Each structure stands twice: as structure tokens, then as C-alpha cells.
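Structure record follows, encoded as C-alpha cells.
In this text, all values refer to a predicted model and were calculated from it rather than measured experimentally.
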Amino acid sequence: MRRYALRRLSFLPLIMVVVSIITFVLLRVLPGDPAAIMAGQNARPEDIQAIRDELGLERPIAVQYLDWMADVARGDFGRTYWSGKTVRDEVIRRFPASAEIVFLSLVVSVSVGVTFGIASAVYRNSPLDYFVRLFAVLGQSIPEFFLLVLLIIVPSILWNYSPPIGGYVALWDDPVRHIRLLGPPALILGFGGAAGMMRLVRTTMLEVLRSDYVRTAYAKGLRKRTVILTHAFRNTLTPLVTVVGSAFLAIFGGSVIAERIMNIDGTVNFLLVSIMQRDFPVVQFLVIYTATIVVLANLVVDLSYAWLDPRVKYR
């Protein structure tokens, strides 16, 4: 398995180079001039040209790319066009907000999806089972951005309450505002991921509960709790890991909507704003960062198969 992991990781630099080239070229050939945006609507052509010269945008694209890659190799990811601060510092400052949203959403997704999926399978055709199945269908049908908007509008109409919008505050600085700011997007994204997980866990558990070894475990006099959690649930882990990996990537992508609607000062919102402002250094770095996260997440999911199921062998 170690050899397989190293072989997969050896492709990571090549993937990053390909992604960086595509991103770098597309940013410069697509419509939208960062110099014109920075100069403003009433800027003179010579002012725009001066900004382009200052940013080095008049040089050939190949030269710009090679210079940028040389800086990246030294750990220098450039400076933002708008604030002049280093891209690395700006991303690090915003990273906790995005990481916490993804982490909390994944915790909600796994805990709710697994718990109610098992309960739905164990108490099949009960009111609980019907509720879980209805919730799963609704969770996969209703867009997350719509639920987020409702979560802001409905409490403000009914109870005169609205969650804080914008910025970010650390948990240790203001716990109440922190929870009010990150709680709604984490819950919405988490429940959206839990919907698909419930259906998978329920279907897999129903198949496992009909198997011979589960009936044998009951015949030996084992408690129902032990049979379900120790014997039956273990065999649902392999397909569950696949769904958890997919849920992580879906939550990672869905955080774009959450951060934008709540105007949270996170890396994903920073990427979206930078795309609109044509802030090339920020977009280049964050696209590579996102591609790295996706590749590593898929690798972790693949390696977990061998850890959960000894029959899976990688060479």
C-alpha cells in the first residue's frame, strides 16, 4: 500500500503543473483586464497601460509563467493586486473560517447520516423510517443556497432575528458570534450531505441485516446493539467511505455558496471575489490549492479501502 501511495503522490507535481498552466493561460486570454478594473471606469488609456507595465502583464505569457513558477519554487506566491499583501498571508488569515465550515459540515453530515441511516434500516417501515426517507429525498432535492436564504429570511420575519453577516471572528474571541456566524452554513451543508449518506447506509444495512452471519450472531444470544454496531455496521464502512469522500468534496464546493451568502471572510469567498476582480496571483494559488485538496482527498479514500477491508490489495 505504501508503494501505491507513493506512486499516486508522484503524479501530484505533474497534475499541479498542468493545472497551473491551464489556469495561468485562461486567466490571461479570457476577457477582463485587471489593470482596467483597478484604474476605474474613467481612467485614461495611458493610466491603464502604466498599471499593466507595473504588474508585468505586457510580457509574453510564457515569460510570466516561468517567472511565477520560479517564485513559487522559492515559496513566494506573489502579492495581491488590490491590497499589495502577500497571497500566502491573505490565504492563511482566511483559512480558519473555511476549514471550520467544511469540518463542522462534515461532522454534521456523517453523524446525522450514519445515525439515522442505521435507525431507518433497523426499524424498517416504521414512522421513523418514513421520516428518514422523506428527509433524504428533500435534502437531495432542495438547493442549499435556497435553504441558506430561508435560514436568514424566515427567522428575521418571525422572530426579528438574523444571524451576523460578514467577516469572521475566532471562537475564543467571541464564542456567541462565532457560532451564530458559522452555525447556519455548517448545518445546511451538513444536512445536505447527510441526505445521500442516509440512503446509502439504510440500503447497505438492510442487505447486511439479511445475511447469514448476522442471523448467527443473533442465534448466539448477542445483544441487538452489539450485532448492529459491531457486526453489521462494519460491513457498511467501505461504501460509506466513498460517500464520505464525495460528501467532503461536495461540501468543499458548496462552501462557495455559503461563504458568499453569509459574506464570510474565508478562502473560498476570497477566491470568488478575486475571480471577479481578476486578481491573478490569488486565483492561481487557490486553484492549485483546491486541486491539491481534491487529489489528496481521493487518495485518502482509496487507501482507506485497504485499511477497512483486508481483501483489498494495492500494488
Side-chain angles (χ1 to χ4, degrees), residues 100-159 161-163 179-211 214 224-225 227-262 264 268 297 301 304:
E100 191 168 349
I101 289 176
V102 173
F103 174 75
L104 293 176
S105 302
L106 194 62
V107 169
V108 172
S109 180
V110 173
S111 57
V112 173
V114 171
T115 302
F116 284 94
I118 293 175
S120 178
V122 173
Y123 301 102
R124 184 185 179 188
N125 294 330
S126 67
L128 176 62
D129 182 27
Y130 292 130
F131 170 77
V132 170
R133 290 157 66 181
L134 176 63
F135 178 85
V137 172
L138 292 177
Q140 292 185 306
S141 303
I142 302 176
E144 294 166 346
F145 71 88
F146 179 71
L147 293 178
L148 267 174
V149 173
L150 285 182
L151 199 60
I152 296 173
I153 295 177
V154 173
S156 65
I157 295 175
L158 297 181
W159 305 297
Y161 168 82
S162 61
I179 295 173
R180 291 175 59 202
L181 180 64
L182 299 186
L187 287 175
I188 295 299
L189 293 175
F191 281 122
M197 213 168 295
M198 287 179 190
R199 300 183 65 179
L200 174 78
V201 173
R202 179 185 182 276
T203 303
T204 310
M205 282 291 294
L206 286 175
E207 295 178 0
V208 173
L209 290 175
R210 299 191 192 101
S211 59
V214 171
K224 185 176 183 179
R225 178 189 180 94
V227 173
I228 292 172
L229 296 182
T230 304
H231 293 76
F233 178 63
R234 183 178 181 86
N235 286 278
T236 68
L237 289 178
T238 301
L240 180 61
V241 165
T242 304
V243 176
V244 170
S246 301
F248 169 77
L249 297 177
I251 290 171
F252 189 75
S255 60
V256 175
I257 301 172
E259 290 188 13
R260 191 60 186 162
I261 292 177
M262 302 293 293
I264 297 173
V268 183
V301 170
S304 64

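Here the shortest heavy-atom pairing between Val201 and Val114 reads CG1-O, 4.1 Å. Ala119 and Leu128 make their closest contact through CB-CD2, 3.7 Å (heavy atoms, listed as atom of the first residue, atom of the second, distance). Closest heavy-atom contact between Ala186 and Leu104: CB-CB, 3.7 Å. When all heavy atoms are compared, the tightest approach of Ser109 to Ala194 is OG-N, 3.2 Å.
Side-chain contact between Met197 and Val112: absent, with no pair of heavy atoms (C-beta onward) separated by less than 4.5 Å.
With Ser111 contributing its side chain and Val108 its backbone, the two residues share a donor-acceptor pair below 3.5 Å.
Counting only residues at least two apart or on different chains, the salt bridge (charged side-chain N to carboxylate O under 4.0 Å, His left out) pairs with a member in residues 127-136 are Asp129-Arg133, Asp129-Arg202. Every pair tested for ring-ring contact (aromatic ring centres under 6.0 Å, His included) that includes a residue from residues 102-132 fails, sequence neighbours excluded, so the list is empty.
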